[in-house]
Amino acid sequence: MRNKLPSVSSMKSALESRKSGFSIRKIQFSECEAWDFEKGAFKHKSHGYFDLIGVGRLNERLVSRIYLYQPQSAFNGLLESSIEGETSFLIQARTEPGNEGMAQFGPTVQSTPANYQRLHGGRSTPYLEFFFSYQPGSQSVCESTQLDLGERYIHKTKRLNYVRANIDVISQENYYWLPASLVPEAVTESLLLDTDLRSMISVMPWERVLETRDVGSSTFVSFLRASLGTPVRDSVIGEITAKIASHSLPISFCNLEQLENWQFTDNQWSDVHSSQGFSVEMFHVEAPGREVEQWQQPLINSHSKGRSVLVCRIRDGLLELLLDVHNETGLVTGAAVFPSFLRYPGQHADEHEDRFDDYLDSEGAQLLLNTTESEEGGRFYRDINGYEIILIEGRQEYFGIDSSSYYWARVSELKRLLNLSNCCSIQLRCIASLLLGLK
């Protein structure tokens with residue numbers, strides 16, 4: 001069975017079918033026996049899940065924050081093959097408890113060690129053998145370790161592996177072949193591709209997608225291709241990576257139940273002064289077809305929508321992108337490369353955002369693309385972000401009001417950074433996928 005997707009409408013139909021039988025409902029913490037406080041953290045009894053932990057001191061400053069702690073590196077794998085003569089990617093229609101819309105497409109493998117090692121007694125993970133063992137006729141094209149959300153996790157990373165299979169691969173139930181020619185349209189659709197699939201698309205070679213594009217009257221595709229094919233300036237890469245290496249944020253953990261800014265009730269955990277902008281709630285989930293079909297878990301529920309903006313300009317016929325380097329609490333590197341502007345779900349607009357928007361207005365900003373995307377549904381309950389690709393004239397440099405540093409980079413340089421381990425934020429990887437949809 002090939003299960004090749006011919007259109008975006010067929011992708012949406014596949015997701016609708018996938019939702020059958022899926023349900024999620026909020027429950028009281030006392031209704032869940034599998035989770036409890038242990039040694040100052042909130043843990044699953046198997047010790048194979050994530051933990052919720054408290055941070056009481058950051059860089060010698062007193063704080064009162066909750067973070068997710070998941071030291072085991074999650075795994076994402078994307079399989080490429082030729083289907084009916086066209087480069088295609090094997091993706092899965094998957095339900096996640098916290099997804100806005102319940103179902104999205106993920107990469108071929110999207111799993112934590114607890115799941116693919118079957119610590120919870122679930123089913124085996126399909127296609128894992130292509131990424132974890134030798135398979136005749138297949139080759140690993142690119143592999144890296146990447147950062148996750150630095151203001152939600154402490155030191156979480158993900159291993160990303162892109163494999164090309166030159167053999168016949170049969171798609172199983174809920175798995176589909178996405179043709180390279182459909183990727184430019186798919187990336188511009190809201191709530192269709194999850195963050196892990198967008199992340200994989202950003203690090204994979206883009207030539208196989210761009211070669212399907214008919215430039216025609218599309219000036220932006222020409223600018224994108226030209227910028228991707230331009231030699232990387234070592235000075236730009238060197239300056240950005242040196243900036244990342246200069247950051248370090250000492251963190252002190254504390255007993256979760258002793259956090260002064262958090263109120264713990266049976267219904268939810270509340271951020272009293274809304275410094276983090278979310279609550280923690282417990283849910284019961286039923287998901288037929290998943291490795292484990294029924295479970296209970298806490299999810300982070302943010303109080304407002306986030307925003308991610310990637311600013312671009314045209315210089316000498318090349319598309320250039322404004323990148324931001326700054327620190328985040330939970331990043332194992334201390335700092336990373338981000339989009340031009342970032343506001344997490346639950347955070348309030350502030351002076352930084354006002355100044356950024358004033359800069360866009362002064363530079364004749366033009367919105368090229370925008371989507372609405374859901375954060376990882378396995379940890380967050382309907383947390384959404386607005387993604388924006390904005391074109392400006394770029395006559396003036398932008399200077400923020402905090403510790404951020406800004407750099408203009410060509411697409412070839414962005415791709416070099418994206419493929420370096422522990423360099424780029426997940427927000428940059430996700431929004432970079434939108435560039436393939438420029439018209």
Side-chain angles (χ1 to χ4, degrees), residues 141-147 160 162 183-184 187 198-211 213 219-247 308-327 331 333-342 359 363 368-369 387-400 404-438:
V141 178
C142 58
E143 183 175 1
S144 60
T145 300
Q146 299 289 349
L147 302 167
L160 275 59
Y162 178 78
V183 170
V187 296
R198 286 188 175 276
S199 184
M200 286 294 321
I201 289 172
S202 76
V203 302
M204 76 181 192
W206 284 1
E207 288 79 7
R208 291 179 181 265
V209 173
L210 290 175
E211 66 189 14
R213 301 290 303 271
T219 307
F220 284 111
V221 175
S222 297
F223 293 149
L224 176 62
R225 281 180 170 174
S227 189
L228 181 62
T230 300
V232 170
R233 296 168 294 183
D234 291 339
S235 59
V236 173
I237 302 299
E239 191 172 352
I240 291 175
T241 53
K243 185 69 176 178
I244 294 172
S246 67
H247 285 272
S308 183
V309 183
L310 185 59
V311 172
C312 60
R313 70 181 183 185
I314 307 300
R315 279 291 179 271
D316 301 322
L318 303 177
L319 185 69
E320 294 186 343
L321 310 156
L322 183 63
L323 306 179
D324 172 22
V325 178
H326 68 255
N327 63 276
L331 295 179
T333 52
V337 188
F338 289 84
S340 316
F341 176 80
L342 175 66
Y359 172 71
E363 288 289 328
L368 298 181
L369 277 175
Y387 287 7
E388 305 168 30
I389 303 288
I390 292 179
L391 176 69
I392 65 171
E393 296 174 4
R395 296 165 299 180
Q396 307 174 65
E397 296 299 322
Y398 177 65
F399 300 97
S404 296
S405 299
Y406 297 89
Y407 304 88
W408 286 103
R410 298 167 179 169
V411 178
S412 59
E413 293 156 354
L414 171 65
K415 284 292 292 175
R416 174 70 63 83
L417 293 168
L418 287 169
N419 282 278
L420 292 177
S421 287
N422 295 335
C423 179
C424 294
S425 69
I426 188 170
Q427 295 96 336
L428 178 57
R429 299 197 306 276
C430 289
I431 199 170
S433 68
L434 282 179
L435 295 174
L436 291 173
L438 288 176

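Here the structure is a predicted model, which is why all the values come from computation and not from measurement.
- Atom CD1 of I314 and atom CG of L391 lie 6.0 Å apart (nearest 0.5 Å).
- If you take CE on M204 and CG on L160, they are separated by 12.0 Å, rounding to the nearest 0.5 Å.
- With sequence neighbours excluded, the residues that form a side chain to side chain contact (heavy atoms under 4.5 Å, CB included) with E393 are E363, R395.
- N419 has its side chain within reach of C142: a pair of non-hydrogen atoms, C-beta onward, lies under 4.5 Å apart.
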Test side chain to side chain contact (heavy atoms under 4.5 Å, CB included) applied to V337 and D324, step by step: CA-CA 6 Å; V337 188; D324 172 22; over 6 Å; no
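- At least one donor-acceptor pair closer than 3.5 Å links the side chain of T241 to the backbone N or O of I237.
- Residues I389 and V309 have side chains not in contact (no heavy-atom distance under 4.5 Å, counting atoms from C-beta outward).
- Taking 4.5 Å as the limit, some side-chain heavy atom of L228 sits within range of a side-chain heavy atom of L210.
- Proximity of a side-chain donor or acceptor of S227 to a complementary backbone N or O of L224 within less than 3.5 Å is not detected.
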Intermediate values then yes/no, side chain to side chain contact (heavy atoms under 4.5 Å, CB included), L438 and L319: CA-CA 11 Å; L438 288 176; L319 185 69; 4.0 Å; yes
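- Under the 30°/60° scheme for interplanar angles, the aromatic rings of Y398 and Y359 are found to be tilted.
- To the nearest 0.5 angstrom, D234 atom CG is 9.0 Å from E413 atom CD.
- Side-chain contact check for L321 versus L435: some heavy-atom pair is nearer than 4.5 Å.
- Under the 4.5 Å side-chain criterion, counting only non-hydrogen atoms from C-beta, P339 is in contact with S425.
- The neighbour count for R410 CZ, taken as heavy atoms of other residues, nucleotides or ligands under 6.0 Å away, is above 12.
- For T230 against S412, the heavy-atom pair with the smallest separation is O-OG, 2.8 Å.
- Rounding to the nearest 0.5 Å gives a distance of 6.0 Å between CD of Q427 and CZ of F338.
- Between C312 and L322, the closest side-chain pair of non-hydrogen atoms is not below 4.5 Å.
- Between Q146 and V203, the closest side-chain pair of non-hydrogen atoms falls below 4.5 Å.
- V411 places a side-chain heavy atom less than 4.5 Å from the side chain of W206.
- For L147 against A335, the heavy-atom pair with the smallest separation is CD1-O, 4.5 Å.
- The distance from atom CG of L342 to atom CG of L428, rounded to the nearest 0.5 Å, is 10.0 Å.
- Minimum interatomic distance between P205 and Y162 (heavy atoms only, all atoms of both residues): CD-CE2, 3.6 Å.
- In this structure, the separation between CD on E320 and CD1 on I392 is 10.5 Å, given to the nearest 0.5 Å.
- Under a 3.5 Å cut-off, the side chain of R198 and the backbone N or O of I426 do not form any donor-acceptor pair.
- A cation-pi arrangement is not found for R315 relative to W408, the charged atom failing to lie both closer than 6.0 Å to the ring centre and inside a 45° cone about the ring normal.
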Test log, rule side chain to side chain contact (heavy atoms under 4.5 Å, CB included), inputs F220 and L368: CA-CA 10 Å; F220 284 111; L368 298 181; 3.8 Å; yes
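- Between the side chains of R429 and S202, not a single donor N or O lies within less than 3.5 Å of an accepting N or O.
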Working for side chain to side chain contact (heavy atoms under 4.5 Å, CB included), residues I244 and C423: CA-CA 8 Å; I244 294 172; C423 179; 3.7 Å; yes
